[in-house]
Amino acid sequence: MIQDREPGYNLALYHLFKWSVVSPLFYSYFRGRVYGVENVPKSGPLVVTSNHASYFDPPMISCAVERPVAYMAKEELFKNPIFAKAIRLYGAYPVKRKAADRSAIRSALEYLENGWATGVFLSGTRTRDGRIPNPKPGAALIASKAQVPILPVCLWGTEAIFQGSSKPRSVPVTIRIGEPVNPPQSGDREGLDAVTQQCAEVIESLHNLGR
């Protein structure tokens with residue numbers, strides 16, 4: 001049976017971590033702005049897809065959409081028990097690099113069944129300018145298998161956080177949230193590509209709005 005919300009324990013810890021750490025950093029240090037939060041479904045499983053330019057992107061997105069978003073992370077990040085607990089609060093789950101595709105899809109579907117939002121970067125990896133030159137069908141594939149909506153999210157400015165510095169710079173960051181996109185009705189390539197391109201176009205148009 002598919003759950004309507006994330007487990008209460010995770011929600012409580014998410015809000016604790018959000019308001020004590022992530023939100024102050026986002027709104028103060030990065031002078032964060034968020035537009036379109038009214039487009040976020042407050043309950044039910046959801047696939048969140050976005051552009052990607054910084055390691056800061058996952059917690060910032062979770063902060064902006066006001067609910068935990070489960071992202072896959074390389075298993076090496078979970079070797080530090082304190083850091084592992086922190087990133088698990090936001091739904092991060094370990095994935096072995098050699099089995100990333102199969103493990104990521106399986107884990108994402110399990111999180112969706114438990115009422116979570118799961119995050120999939122549309123570019124598949126970080127890009128230097130935050131653009132999406134070659135969108136990947138992962139978000140559409142997971143949404144198709146689970147038959148849940150896709151929420152396109154755009155991060156503007158995170159590509160500059162580490163530009164010319166090994167420490168995070170205090171640069172302005174803006175997050176814009178688009179309207180949910182219906183999932184493909186089947187997993188055929190044509191349907192996946194069409195929805196993937198639709199999401200990419202929404203995110204690119206939001207990125208063009210700038211600050």
Side-chain angles (χ1 to χ4, degrees), residues 2-19 21-23 25-27 30 32 34-74 77-78 83-95 100 103-126 130 136 138-143 145-146 148-155 158 173-181 183 199 202-203 206:
I2 297 178
Q3 302 297 313
D4 193 48
R5 282 310 306 263
E6 305 86 347
Y9 176 77
N10 291 94
L11 277 174
L13 292 179
Y14 157 79
H15 284 291
L16 175 63
F17 191 58
K18 171 184 174 178
W19 293 112
V21 178
V22 181
S23 188
L25 277 173
F26 177 66
Y27 287 106
F30 294 111
V34 179
Y35 300 95
V37 69
E38 67 277 2
N39 293 326
V40 183
K42 301 306 179 186
S43 62
L46 176 72
V47 173
V48 178
T49 192
S50 71
N51 56 329
H52 185 28
S54 168
Y55 291 120
F56 281 82
D57 293 346
M60 285 184 177
I61 291 175
S62 291
C63 178
V65 302
E66 300 182 351
R67 59 182 294 184
V69 180
Y71 281 95
M72 73 171 181
K74 58 184 180 181
L77 294 177
F78 292 81
F83 184 69
K85 285 186 178 180
I87 61 178
R88 282 185 188 276
L89 297 181
Y90 266 52
Y93 52 89
V95 175
S103 297
I105 292 173
R106 184 166 58 249
S107 296
L109 292 174
E110 289 175 357
Y111 271 87
L112 289 172
E113 288 179 358
N114 288 313
W116 285 72
T118 64
V120 181
F121 294 119
L122 203 59
S123 56
T125 186
R126 287 174 292 144
K136 303 296 191 295
L141 176 62
I142 292 170
K145 287 180 175 294
V148 300
I150 306 172
L151 186 71
V153 176
C154 173
L155 299 114
T158 62
V173 172
T174 300
I175 297 178
R176 297 182 185 273
I177 305 168
E179 296 181 359
V181 174
C199 291
V202 171
I203 294 171
L206 292 175

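Residue numbers count from 1 along this sequence.
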Checklist line | Set of residues satisfying side chain to side chain donor-acceptor pair (under 3.5 Å) with respect to R126, sequence neighbours excluded | finding: Y55

Margin query: Is it the case that the side chain of D4 and the backbone of S43 share a donor-acceptor pair, with hydrogens and angles ignored and the cut-off at 3.5 Å?
Written below: no

Notebook entry, point to check: Y111 versus P45: any side-chain heavy-atom pair under 4.5 Å?
Noted result: no

Item checked: Minimum-distance pair of heavy atoms, taken over all atoms of N39 and G178 -> CB-O, 3.2 Å

Checklist line | Between OG1 on residue T49 and CD1 on residue I150, distance to nearest 0.5 Å | finding: 7.0 Å

Notebook entry, point to check: Which residues satisfy the side chain to side chain donor-acceptor pair (under 3.5 Å) test with N51, sequence neighbours excluded?
Noted result: none

Next item on the list: Provide the closest heavy-atom pair for F121 versus P58 in the form atom of the first, atom of the second, distance.
Entry: CZ-CG, 3.8 Å

Margin query: Under the rule for side chain to side chain donor-acceptor pair (under 3.5 Å), what residues qualify as partners of R176, not counting sequence neighbours?
Written below: none

Checklist line | Within-4.5 Å side-chain heavy-atom neighbours: S62 and V22 | finding: no

Item checked: Gap separating the SG atom of C63 from the CZ atom of F17, nearest 0.5 angstrom -> 11.0 Å

Next item on the list: List the atom of P180, the atom of P152, and the distance in Å for their closest heavy-atom pair.
Entry: CA-CD, 4.4 Å

Note to self: Donor-acceptor pair, distance only, cut-off 3.5 Å: does the side chain of R67 make one with the backbone of P41?
What the structure shows: yes

Notebook entry, point to check: How far does NE2 of H52 sit from CG of L122, to the nearest 0.5 angstrom?
Noted result: 12.0 Å

Margin query: Within this structure, what is the CZ-CD1 distance for the pair F26 and I61, rounded to the nearest 0.5 Å?
Written below: 10.0 Å

Item checked: Flag if over 12 foreign heavy atoms under 6.0 Å of NZ, K136 -> yes

Notebook entry, point to check: Shortest non-hydrogen contact from P7 to W116?
Noted result: CD-NE1, 3.2 Å

Checklist line | Test log, rule side-chain contact (heavy atoms from CB on, under 4.5 Å), inputs F56 and V173 | finding: CA-CA 11 Å; F56 281 82; V173 172; over 6 Å; no

Checklist line | Closest contact, heavy atoms only, I175 versus A64 | finding: CD1-CB, 3.7 Å

Next item on the list: Could you grab the distance from atom CG of L25 to atom CE of M60, nearest 0.5 Å is fine?
Entry: 8.0 Å

Notebook entry, point to check: Could you give the distance from CD1 (I177) to CG (L155), rounded to the nearest 0.5 Å?
Noted result: 9.5 Å

Note to self: Among residues at least two apart in sequence or on other chains, which ones pass salt bridge (charged side-chain N to carboxylate O under 4.0 Å, His left out) with E110?
What the structure shows: none

Margin query: Could you work out, with side chain to side chain donor-acceptor pair (under 3.5 Å) as the rule, every residue matching S54, not counting sequence neighbours?
Written below: none

Checklist line | D57 and Y71, any side-chain heavy atoms less than 4.5 Å apart | finding: no

Notebook entry, point to check: Which heavy atom of S50 sits nearest a heavy atom of I203, and at what distance?
Noted result: CA-CD1, 3.7 Å

Check: Who passes side-chain contact (heavy atoms from CB on, under 4.5 Å) against E66, sequence neighbours left out?
Finding: K18, V37, K42

Check: Does a side-chain heavy-atom distance below 4.5 Å link V69 with L46?
Finding: no

